[in-house]
Amino acid sequence: MEEQRPSPPPVPVAADHLEIPTVFITEEEMAAFEAAITSAARSLSSRSLSLLQPKALRAPPSPSLPSSSRFAIFPHNLQTDWKANADRRFSNLSNPAELDVEDSGGCTTNNCLRRSKSLFRRYRMRRGLSVTDITGSEWCEKQMEFVLTRGRRELTEAMKAGSFRHQQLEEESREDAWALKLLNFIYGTNQLLSKGLTRELPIVGLVEGVWVIGVIDEVRMTTIKGVQFPSLVDTKTRRQNTLPSEPQKRNARLQLMCYKYLWDYIVSNDFPIGFFFKFFELRPHHKFSNEIKEQIANSGLHIETLEELVNHFRAICCSLVPSHDELLLRYEHQADHAVLAEDTFTFDWDWFKSQIGHCFQFWLGKREAGYVSEDERWKCRHCSFSATCPLTQMQSNTKEANN
């Protein structure tokens with residue numbers, strides 16, 4: 001995945017010519033982000049505004065899972081222990097069947113008006129947040145607000161083409177678009193369990209009651225004491241032969257923690273199918289296009305509707321175990337793939353929850369967009385919106401006052 005964040009003054013490092021596979025961001029993930037921007041004008045509708053109130057929803061009964069599922073390669077006692085630990089981690093989450101993601105225990109006129117105009121409602125209804133949305137707002141909330149309301153200034157031809165294709169798929173059939181995501185997850189987990197490695201794995205789940213989607217860069221099977229479990233890895237390619245700054249490391253860590261949380265959520269919880277169909281406005285009994293039918297047939301599955309595919313997806317998730325708490329970020333030079341640094345760290349639940357809570361306050365309209373801190377204002381030099389950003393004007397006024 002190409003590192004997109006600008007750096008402060010560079011810190012040179014010696015070149016290391018170890019060759020490792022290069023992993024770039026998928027066109028699908030970037031297209032999803034760009035398509036949400038270009039279609040913002042039509043993403044708000046009166047029908048959409050009711051979708052965050054799934055109080056009467058209940059997921060249909062879970063499919064019966066055979067004890068000898070080919071996905072259940074983990075010892076039963078290990079699955080039980082890890083799932084119990086994950087259940088405790090997710091125990092403070094609200095039940096999605098009883099949740100309004102913007103409910104804070106009261107709604108004054110001003111609060112309700114502000115939330116009705118929240119960025120989430122205006123730009124992410126029927127789509128959910130992407131992990132890119134979360135990391136983008138962590139980098140700079142004001143920049144993210146400008147991207148949504150004004151549009152991204154610079155789009156490559158690949159990004160434009162990907163955005164167009166994504167919109168085309170959604171206009172043809174949102175059900176087929178989601179079928180592709182779920183099929184890619186099924187293919188990816190099969191590859192993970194048979195070969196010990198998969199890349200570009202699509203993921204979707206609830207984070208504090210909010211639907212979040214993303215693409216995990218790499219999942220590998222790691223063996224410790226004779227037991228295999230999934231470990232998450234993300235590779236960042238850098239244009240300059242320099243180490244990442246602390247804000248870049250923090251942002252990348254949050255991204256990888258989001259992927260871990262989503263993986264652990266879908267394997268540790270009963271995937272809320274009813275809420276899933278309702279929020280994304282999907283037809284459970286939709287019959288797939290010939291293209292999707294062919295892919296399903298080639299995979300050996302006997303599935304005709306989206307509801308059957310989602311149930312199969314849930315069955316697979318139920319047979320997997322949470323990922324290891326140790327995560328790995330790799331930074332490599334784009335020109336020669338030399339490894340610049342490896343950052344191994346442990347998932348920090350308290351820090352992650354704090355970051356997500358702060359992020360969702362912004363997205364759900366509970367507060368205005370914030371600016372970067374004073375010690376990170378070097379980011380503004382690389383921002384295409386800096387000329388019209390209020391922070392630039394405030395800084396200019398301060399300089400004039402001091403002079």
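Under the 30°/60° scheme for interplanar angles, the aromatic rings of Trp139 and Trp378 are found to stand perpendicular.
For the atom pair CD of Glu342 and CZ of Arg330, the computed distance is 6.5 Å after rounding to the nearest 0.5 Å. Put simply, CG on Leu129 and CZ on Phe360 are 5.5 Å apart, with the number rounded to the nearest 0.5 Å. To the nearest 0.5 Å, the span separating CZ on Arg253 from CZ on Phe352 amounts to 14.5 Å. To the nearest 0.5 Å, atom OH of residue Tyr187 and atom CD of residue Gln295 are 5.0 Å apart. To the nearest 0.5 angstrom, Leu206 atom CG is 9.0 Å from Leu262 atom CG. The distance from atom CD of Glu291 to atom CD1 of Ile296, rounded to the nearest 0.5 Å, is 11.0 Å.
The two atoms that bring Leu327 and His324 nearest to each other are CD2-O, 4.1 Å, heavy atoms only. The two residues Glu368 and Glu141 have their closest heavy-atom pair at O-OE1, 4.1 Å. Across all their heavy atoms, Arg126 and Arg174 have their closest contact at NH1-NH1, 2.9 Å. When all heavy atoms of Gln228 and Thr223 are compared, the closest pair comes out as CG-OG1, 3.4 Å. Counting all heavy atoms, side chain and backbone alike, Ala252 lies closest to Tyr331 at CB-OH, 3.5 Å. Taking each heavy atom of Asn251 and Glu138 in turn, the nearest pair found is ND2-OE1, 2.6 Å.
Looking at heavy atoms from C-beta onward, Thr189 lies in side-chain contact with Leu320 at the 4.5 angstrom threshold. Residues Tyr259 and Leu201 form no side-chain contact, since every pair of their non-hydrogen atoms from C-beta on lies 4.5 Å or further apart. Looking at heavy atoms from C-beta onward, Ile186 lies in side-chain contact with Asn190 at the 4.5 angstrom threshold. In this structure, the side chains of Phe347 and Ser323 stay at 4.5 Å or more apart for every pair of heavy atoms.
Taking the six-membered ring where the residue is Trp, the centroids of Phe271 and Trp211 are separated by under 6.0 Å.
Of the charged side-chain nitrogens involved, at least one lies within less than 4.0 Å of a carboxylate oxygen, so that Lys260 and Asp325 count as a salt-bridged pair. Salt bridge status for Asp133 with Arg124: present, with a side-chain N to carboxylate O gap under 4.0 Å. A salt bridge does not link Glu304 to Lys293: none of the charged side-chain nitrogens sits closer than 4.0 Å to a carboxylate oxygen. Here Glu374 does not pair with Arg377 in a salt bridge; the nearest charged N to carboxylate O distance is not below 4.0 Å. Comment: Lys236 does not engage Glu332 in a salt bridge, judged by the lack of any side-chain N to carboxylate O separation of less than 4.0 angstrom. Between Asp217 and Arg199 no salt bridge is recorded (no basic side-chain N to carboxylate O distance below 4.0 Å).
The cationic group of Lys181 does not satisfy the cation-pi geometry with Phe185, failing either the under 6.0 Å distance to the six-membered ring centre or the 45° limit from the ring axis.
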task = Take Arg150 and Thr388 through the test side-chain hydrogen bond (donor to acceptor under 3.5 Å, both in side chains) and record every step on the way to the result.
result = CA-CA 11 Å; Arg150 303 182 184 183; Thr388 57; 2.7 Å; yes
request  = Give the intermediate values and the outcome of side-chain contact (heavy atoms from CB on, under 4.5 Å) for residues Arg314 and Asp270.
outcome  = CA-CA 7 Å; Arg314 179 168 66 173; Asp270 192 15; 3.2 Å; yes
ask   = Please walk me through it: do Ser118 and Arg122 pass side-chain hydrogen bond (donor to acceptor under 3.5 Å, both in side chains)?
value = CA-CA 6 Å; Ser118 73; Arg122 291 164 62 191; over 6 Å; no
